[in-house]
Asks: 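Just dropping this structure here.
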Amino acid sequence: MPTLGVNIDHIATIRQARRTVEPDPVAAAVLAELAGADGITVHLREDRRHIQDRDVLLLRQTVRSHLNLEMAATDEMVRIALDIKPDYVTLVPEKREEVTTEGGLDIAGQTARIGEIVDKLQSAGIPVSLFIDAQDAQIEASVKVKAQFIELHTGQYAEAKEEKSRQQELALLAHGCEQAIKAGLRVNAGHGLTYWNVYPVAALPGMEELNIGHTIISRAALVGIERAVREMKQAIQGL
Ligand SMILES: CC(=O)[C@@H](O)[C@H](O)COP(=O)(O)O
Ligand SMILES: NCC(=O)COP(=O)(O)O
């Protein structure tokens with residue numbers, strides 16, 4: 001069974017809604033690790049809409065499992081990664097206006113540029129994962145640029161409305177996972193996975209790590225609300 005990387009971006013989304021200090025993703029990472037998270041994932045977006053530079057700095061010092069820094073393939077982000085040295089970096093595509101990541105990174109269309117970044121980071125001891133769609137051309141290009149890992153984008157699988165299309169997307173992920181492992185890549189997956197759709201992806205042979213965020217933070221908000229209200233009632237009573 002794959003390990004679980006918990007993406008805590010949306011703890012920071014709640015904090016940034018008020019530009020205040022709570023909830024702190026650093027505290028969330030500690031609690032996630034105490035609950036069994038095998039890794040902590042954060043996406044430092046270029047627009048800093050949720051995770052901030054300060055979060056990544058502190059997480060580097062506090063995370064006891066491993067820290068996966070998701071980032072765009074830009075010079076600024078490469079500088080930050082070389083400075084902070086996360087346990088691994090996942091290169092992801094980024095569009096300023098998107099609500100969330102909309103697809104895999106096109107490695108095949110920019111092998112020279114991505115190859116240069118992979119080399120810079122891996123030469124500094126930071127393994128690189130490439131967030132890609134499960135397509136043969138992208139897998140072949142990921143081998144070509146010498147990345148150690150890929151992360152298969154599970155968004156289309158997660159968003160499939162009908163069982164038939166979900167099964168088709170799952171078959172593509174299964175094929176991609178098998179091809180990538182055969183080619184010597186290590187395989188992670190993530191995006192849009194939920195408590196209801198995770199198992200078939202987790203069961204793919206050779207899958208190493210699933211990065212899951214939004215559904216865990218959503219559930220945490222709901223399963224924690226009773227205690228949060230009880231504690232406020234007590235606080236009002238001076239208890
Ligand atoms: C790359 C990926 O699939 C997710 O990590 C996603 O990009 C997280 O970023 P947001 O939390 O901003 O959606
Ligand atoms: N790379 C995927 C990730 O980190 C979490 O994505 P999501 O579960 O928040 O959709």
Side-chain angles (χ1 to χ4, degrees), residues 2-17 23 25 28-29 32-33 37-53 55-56 59 63 65-74 77 81 86-107 114 117 127-134 138 142 147 149-160 169 173 176-177 180 186-202 204 207-221:
T3 55
L4 171 63
V6 176
N7 181 318
I8 54 173
D9 290 353
H10 299 300
I11 293 290
T13 301
I14 300 172
R15 178 191 59 193
Q16 295 310 113
E33 287 184 322
D38 303 292
I40 299 295
T41 293
V42 287
H43 184 173
L44 183 66
R45 281 185 172 270
E46 290 182 272
D47 64 10
R48 307 301 198 270
R49 68 175 70 162
H50 41 49
I51 293 293
Q52 306 295 304
D53 299 60
D55 300 329
V56 187
L59 287 165
V63 164
S65 53
H66 57 253
L67 180 63
N68 167 26
L69 177 61
E70 294 185 332
M71 58 182 224
T74 64
M77 289 297 154
D87 294 294
Y88 69 95
V89 154
T90 303
L91 295 180
V92 305
E94 229 178 79
K95 276 196 249 143
R96 195 56 56 91
E97 328 73 47
E98 68 191 356
V99 172
T100 186
T101 311
E102 291 173 346
L105 185 62
D106 178 19
I107 309 299
I114 299 295
I117 293 177
V128 175
S129 178
L130 303 173
F131 184 74
I132 59 167
D133 292 322
Q138 299 300 342
S142 301
F149 293 83
I150 56 166
E151 176 169 325
L152 292 175
H153 175 224
T154 51
Q156 275 102 322
Y157 161 78
E159 279 162 25
E169 293 297 337
L173 291 169
C177 187
R186 297 173 67 180
V187 181
N188 300 334
H191 199 81
L193 295 176
T194 67
Y195 294 86
W196 299 275
N197 65 23
V198 69
Y199 184 71
V201 178
L204 293 178
M207 183 61 69
E208 282 205 33
E209 181 152 277
L210 299 179
N211 286 304
I212 306 179
H214 188 265
T215 201
I216 295 177
I217 306 308
S218 306
R219 189 162 179 82

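For this chain, numbers begin at 1 and follow the sequence in order. Each ligand, and each atom within it, is numbered from 1 in the order the structure gives.
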Asks: Over 60° means perpendicular and under 30° means parallel, so classify the ring planes of H10 and H214, tilted if in between.
Replies: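 Perpendicular.
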Asks: Measuring from atom CD of E102 to atom NE2 of H191, what distance do you get when rounded to the nearest 0.5 angstrom?
Replies: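 The CD atom of E102 sits 8.5 Å away from the NE2 atom of H191.
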Asks: So which atom in C177 and which in L152 form the shortest heavy-atom distance, rounded to 0.1 Å?
Replies: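 Taking every non-hydrogen atom into account, N-CD1, 3.8 Å.
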Asks: Rounded to the nearest 0.5 Å, what separates atom CE in M77 from atom CZ in R45?
Replies: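 One gets 10.5 Å once the value is rounded to the nearest 0.5 Å.
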Asks: CG/N188 to CZ/F131 distance, rounded to the nearest 0.5 angstrom?
Replies: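 The CZ atom of F131 is 11.0 Å from CG of N188, to the nearest 0.5 Å.
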Asks: Let me know which protein residues bring a heavy atom to under 4.0 Å of ligand 2; chain then number is fine for ordering.
Replies: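 Those residues closer than 4.0 Å to ligand 2 by some heavy atom are N7, T41, E70, E151, G190, H191, G192, N211, I212, G213, H214.
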Asks: Any ion pair linking R49 and D9 (charged N to carboxylate O, less than 4.0 Å)?
Replies: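 A salt bridge is absent here (no side-chain N lies under 4.0 Å from a carboxylate O).
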Asks: Taking ring pair (Phe, Tyr, Trp, His ring centres under 6.0 Å) as the test, write out the residues that go with H43, two or more places apart.
Replies: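 In terms of ring pair (Phe, Tyr, Trp, His ring centres under 6.0 Å), with neighbours along the sequence ignored, H43 is linked to no residue.
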Asks: May I have the step-by-step check of side chain to side chain donor-acceptor pair (under 3.5 Å) for E151 and S129, ending in yes or no?
Replies: CA-CA 6 Å; E151 176 169 325; S129 178; 4.9 Å; no
Asks: What short N/O contacts, under 3.5 Å, does ligand 1 make with the protein, listed by atom pair and distance?
Replies:
unit_1, atom_1, unit_2, atom_2, d
ligand 1, 3 (O), H191, ND1, 2.7
ligand 1, 5 (O), N7, ND2, 3.4
ligand 1, 5 (O), E70, OE1, 2.3
ligand 1, 5 (O), E70, OE2, 3.0
ligand 1, 7 (O), H43, ND1, 3.0
ligand 1, 7 (O), T101, OG1, 2.2
ligand 1, 9 (O), D9, OD2, 3.4
ligand 1, 9 (O), H43, ND1, 3.0
ligand 1, 11 (O), D9, OD2, 2.8
ligand 1, 11 (O), H10, NE2, 3.0
ligand 1, 11 (O), H50, NE2, 3.4
ligand 1, 12 (O), R45, NE, 2.6
ligand 1, 12 (O), R45, NH2, 3.2
ligand 1, 12 (O), H50, NE2, 2.7
ligand 1, 13 (O), T100, OG1, 2.4

Asks: Please name all residues satisfying side chain to side chain contact (heavy atoms under 4.5 Å, CB included) with A158, sequence neighbours left out, ordered by chain then number.
Replies: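 For A158 the side chain to side chain contact (heavy atoms under 4.5 Å, CB included) partners, ignoring immediate neighbours, are N197.
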